[in-house]
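Presented below is the structure to which this report refers.
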Amino acid sequence: MRKELKISAIRNGTVIDHITSGMALKVLHILGLDEDPPTSTVSVIMHVPSRVHSFKDIVKIEDRELKKQELNRIALLSPHATINIIRDGEVAEKHHVRPPREVVDLASCENPNCITNSREPVSTRFKVIRKEPMVLKCVYCGREQDVCVERL
Ligand code: CTP
Ligand code: ZN
């Protein structure tokens, strides 16, 4: 069977592969790549048949090597994603995402009385207390919660 590329290979940049199907746009959001004005050329491929899980999404970011710390935020939505750093048209590095120990300024706390939900300008901060499925514990009020994609 001929392997067809729906979106061409990139010369330099970052390819996030094996994203849980349906999560590509959330991945762009948590990486801040959906900001206006845009900063990079980004290709998004959704619902691609995959060998490992039945379908996956792929995000290709040209001419930018994202930092490990930024990329580990992806583990919240997509624990099986792989990060490929492309240099000169070749995969120069391949990493699996790793759940961060802390999640800062990304999820919001479910506790309506938490200080992060008041008018105080406090960033949210959670410890990751379980990895799969991921459970977060608010550093301020101690509330434990699952990662809820709608709240990211
Ligand atoms: N890729 C790309 N541009 C390149 C090289 C690779 O866009 N110049 C993409 C591929 O399309 C693929 C990902 O980067 O989505 C990883 O490439 P590669 O390691 O060659 O693919 P696989 O061996 O299939 O990866 P894995 O084993 O991680 O599934
Ligand atoms: Zn809280």
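In listed order, ligands and their atoms are each counted from 1. Residues: numbered from 1 along the sequence shown.
- Taking 4.0 Å as the cut-off, His18 counts as a neighbour of ligand 1 on heavy-atom distance.
- Lys26 places a side-chain N or O within donor-acceptor distance of the main-chain N or O of Val149, the cut-off being under 3.5 Å.
- Checked against a 3.5 angstrom limit, the closest N/O atoms of Asp17 and ligand 1 fall inside it.
- In this structure, SG of Cys138 and SG of Cys141 enclose an angle of 110° at the Zn ion (ligand 2), rounded to 10°.
- Contact annotation: for Lys94 versus ligand 1, heavy atoms closer than 4.0 Å belong to the side chain alone.
- For atom 1 (N) of ligand 1, the nearest non-hydrogen atom from the set Ile86, Ile85, Asp88 comes from Ile86.
- Checked against a 3.5 angstrom limit, the closest N/O atoms of Gly89 and ligand 1 fall inside it.
- In this structure, Arg64 and Ser40 approach most closely via the heavy-atom pair CD-OG, 3.5 Å.
- Remark: the backbone N or O of Asn111 is paired with a side-chain donor or acceptor of Asn117 at under 3.5 angstrom.
- Remark: ligand 1 and Ala9 share no N or O pair separated by less than 3.5 Å (distance only, no angle test).
- Those atoms of ligand 1 that come under 4.0 Å of a heavy atom in Arg51, given as number and element, are 24 (O), 29 (O).
- Under the 4.0 Å criterion applied to side-chain N and carboxylate O atoms, Arg130 and Glu144 are not assigned as salt-bridge partners.
- Where the criterion is an N or O separation shorter than 3.5 Å, residue side chain and backbone included, Lys60 meets it with respect to ligand 1.
- Every atom of ligand 1 is numbered from 1 in the order shown, and the set under 4.0 Å from a heavy atom of Val91 is 6 (C), 17 (O), 18 (P), 19 (O), 20 (O).
- Val44 and Ala24 make their closest contact through CG1-CB, 3.6 Å (heavy atoms, listed as atom of the first residue, atom of the second, distance).
- When the options Ile61, Ile16, Val59 are evaluated for a side chain to side chain contact (heavy atoms under 4.5 Å, CB included) with Leu28, the one that passes is Val59.
- Met23 places none of its side-chain heavy atoms less than 4.5 Å from the side chain of Lys56.
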